[in-house]
Peer 1: 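Starting off with a structure, shown below.
Each chain gets a letter, A, B and so on, in the order its sequence line appears, and its residues count up from 1. Side chains are part of it too, since the values below use all heavy atoms of this structure and drop only hydrogens, waters and symmetry mates.
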Amino acid sequence: MRLSRFPLATTKEMPADAQVISHQLMQRAGYIRKLGAGLYTWMPIGLKVLQKIEAIVREEMNRAGALETLMPAIHPAELWQESGRWEIMGAEMLRLKDRHGADFCYGPTHEEVIVHTARQDIRSYKQLPINYYQIQTKFRDERRPRFGVMRAREFIMKDAYSFHMTQEDLAREYENMRAAYIRIFTRLGVDFRAVQADSGNIGGSASEEFHVLAGAGEDLLAVAEGGSYAANVEAAITKPLPPPAAPGAALTKVSTPGQKTCEQVSKFLNVPLSGKVKLLVVKGVEGGLVAIALRGDHQLNEIKAGKHPKLASPLTMADPAEVQRVFGAEVGYLGPVGCPVPVIADHAAAAIADFVCGANDNDHHYTGANWGRDASYVEQADLRNIVEGDASPDGVGTIKFYRGIEGGHIFQLGRKYTQAMGFTVLDETGAAVTPYMGCYGVGVSRLAAAVIEQKHDAAGIVWPDAIAPFRLLICPIGSDKSPAVKEAAEKLYAELLAAGVEVALDDRGQRPGSMFADAELIGIPHRLVIGDKGLATQQFEYKQRSAAAAEMIPATVEAVLAKLAA
RNA sequence: CGGGGCGUAGCUCAGCUUGGUAGAGCGCUUGCUUCGGGAGCAAGAGGUCGCAGGUUCGAAUCCUGUCGCCCCGACCA
């Protein structure tokens with residue numbers, strides 16, 4: 001590619017609306033242009049990157065035996081009503097009507113469509129297992145799109161769906177996809193982690209996320225140092241702890257005027273946060289109230305709580321007025337001693353003795369409270385977020401947190417959708433059975449941003465070779481004045497093209513400074529400078545984007561190819 | 001959805017408080033000089049100040065509405 005014929009719209013100025021580095025760099029380097037909130041145009045240079053990511057994903061899916069399809073972006077409402085998700089998806093789903101007034105949505109995901117398609121075409125166990133995939137545009141009306149293409153409303157996703165006769169075969173394909181995903185992320189050239197995950201409103205049982213590790217990541221990952229456990233914090237489990245020590249202090253009611261939060265009470269009474277039990281009042285599954293007891297320094301995990309059989313799903317906090325009526329005290333002075341509603345204690349809260357808690361009396365707390373003697377719970381459960389320093393739930397290692405950007409997610413869905421949508425096939429005995437289903441997603445457009453979050457420096461993007469828009473950029477110095485430079489650059493450009501190298505020639509006639517600045521901003525992995533100085537000794541100047549300094553190499557195409565192969 | 005902020009040239013912004021004929025830098029065009037880290041000089045092009053009402057002799061500026069965009073929050077006892 002000749003840059004004189006290729007639109008490079010780089011800018012020195014920071015775009016006003018970009019908060020994270022990948023968004024800033026993608027805009028400054030001219031990879032994307034914003035059309036509206038969460039809506040982006042991929043400019044020619046950006047599309048090159050996107051298509052390279054797509055190609056890697058496509059190759060690995062094909063290698064894993066999945067079959068490419070292309071499904072419509074617009075779906076009839078009936079399909080979503082069948083699965084029950086027409087209501088569940090809520091405002092995140094963009095809905096529209098056609099000229100006849102019929103309801104449609106812009107597909108946020110394609111389980112419904114693929115199950116519908118499969119139930120029409122697949123009738124025999126002989127046709128299973130099968131794994132369909134597509135690389136296609138999705139639309140999710142995010143409550144808050146941000147960070148450019150990292151959380152956009154319209155985005156490119158690879159989604160795959162597999163169908164199986166047995167749970168075991170689903171588990172086998174899940175492992176097959178897991179291996180394919182590891183290959184994909186490895187080929188992208190990024191540091192990543194596969195972590196256990198919550199399956200969200202997609203549903204199903206086993207699920208893992210693939211995260212690109214980056215400080216700007218929206219997800220918090222709990223990774224066992226010295227162990228193998230890794231999970232999204234929202235899904236990381238915590239285990240029961242040994243029972244509390246015997247009571248060592250008497251239950252004492254103390255005046256704590258105006259001290260409502262755990263932090264305030266902790267400071268006021270000079271006890272550590274971890275020595276306090278806080279009570280959260282939520283709606284029970286049968287409408288009444290239930291209290292959740294947590295250690296003062298722990299946070300409720302709403303996903304875990306929402307899944308608890310005694311608690312309303314999704315988790316719903318009690319109305320403060322109702323709490324006042326039932327407890328006779330304000331939120332802020334609640335505790336398990338004399339609690340008027342059933343208490344479910346988090347494992348960690350249940351393991352402490354002589355704790356501080358609200359007295360269910362405004363402006364008062366108890367000290368020296370103990371389970372059994374002073375307070376009771378109906379059940380212990382895992383209801384909190386794991387924290388750094390916790391022992392790994394599998395017993396090996398200690399939890400440390402990382403930030404990650406979710407680039408892929410794989411699920412074993414089971415029969416949730418196949419059952420809801422009446423998809424059956426005949427087995428060997430002629431009986432109709434409901435197949436098992438898995439689904440596997442990669443956020444293709446998000447990955448472009450995620451890679452930049454991890455691979456950049458002060459000058460710009462540092463693309464891994466595998467997804468760079470060009471592998472090598474030739475910068476001729478003063479080619480207007482020096483026929484020798486121009487000739488050498490043109491010759492090398494032609495030779496590299498002939499050798500199949502994705503090479504760009506900066507023939508815009510720019511001065512060196514702006515050529516170098518652009519090369520670094522757009523992140524080309526290899527740069528070759530041709531100038532009269534070097535040519536005098538038959539040399540080119542080669543620099544790898546991430547290297548500290550340039551080096552001189554012989555002015556031959558062979559020497560350049562050798563550097564690219566290194 | 002709740003709260004806050006911002007819409008002025010392609011981009012980044014000033015001007016608004018205290019109404020009086022539209023500004024800067026970058027970018028762009030042309031010319032000359034320059035040419036190994038985003039060059040200099042000169043001359044240009046480019047905006048119905050988001051949109052709609054209102055107040056006023058007069059509105060980018062004041063008022064109302066509306067649309068768009070950005071940020072924060074919606075994990076709390």
Peer 1: Taking NZ, NE, NH1 and NH2 as the nitrogens, is one of them in D457(A) or R545(A) under 4.0 Å from a carboxylate oxygen of the other?
Peer 2: yes
Peer 1: Give G531(A) one of three labels, base, sugar-phosphate or nothing, depending on what nucleic acid heavy atoms sit under 4.0 Å from its own.
Peer 2: base
Peer 1: Contact class for V323(A) vs. all strands (heavy atom < 4.0 Å): base, sugar-phosphate, or nothing?
Peer 2: nothing
Peer 1: Using purine N1 to pyrimidine N3 plus N6-O4 or O6-N4 for Watson-Crick, or N1-O2 and O6-N3 for G-U wobble, each under 3.5 Å, what pairs with rG20(B)?
Peer 2: rC57(B)
Peer 1: Heavy atoms under 4.0 Å is the rule here; annotate nucleotides 3-10 of chain B 5' to 3' with B where the base is hit, S where only the sugar-phosphate is, and - elsewhere.
Peer 2: --------
Peer 1: Should the pair Y40(A) and H23(A) be assigned to parallel (<30°), tilted (30 to 60°) or perpendicular (>60°) ring geometry?
Peer 2: perpendicular
Peer 1: Establish, from distance only, whether the side-chain atoms of S22(A) and H456(A) form a donor-acceptor pair under 3.5 Å.
Peer 2: no
Peer 1: Please determine if R151(A) and E142(A) form a salt bridge, counting it only when a charged side-chain N lies under 4.0 Å from a carboxylate O.
Peer 2: yes
Peer 1: Is there a Watson-Crick or G-U wobble partner for rA39(B) with both distances under 3.5 Å, and if so, which one is it?
Peer 2: rU33(B)
Peer 1: Is the cationic atom of R95(A) (NZ for Lys, CZ for Arg) positioned less than 6.0 Å from the six-membered ring centroid of W86(A) and within 45 degrees of its normal?
Peer 2: yes
Peer 1: Using a heavy-atom cut-off of 4.0 Å across all strands, would you classify R527(A) as base, sugar-phosphate, or nothing?
Peer 2: base
Peer 1: Could you let me know what rG47(B) is paired to, Watson-Crick or G-U wobble, both distances under 3.5 Å, or none if it's on its own?
Peer 2: none
Peer 1: Classify the ring geometry of Y106(A) against F139(A): parallel below 30°, tilted from 30° to 60°, perpendicular beyond 60°.
Peer 2: tilted
Peer 1: For RNA chain B, which residues in residues 18-42 of chain A have a heavy atom at a distance below 4.0 Å?
Peer 2: Q19(A), R28(A), K34(A), G36(A), A37(A)
Peer 1: Go through rC75(B), rG36(B), rC70(B) for me and flag the one nearest to the D17(A) side chain.
Peer 2: rC70(B)
Peer 1: Would you compute the distance between atom CG of L564(A) and atom OH of Y542(A) and round it to the nearest 0.5 angstrom?
Peer 2: 6.5 Å
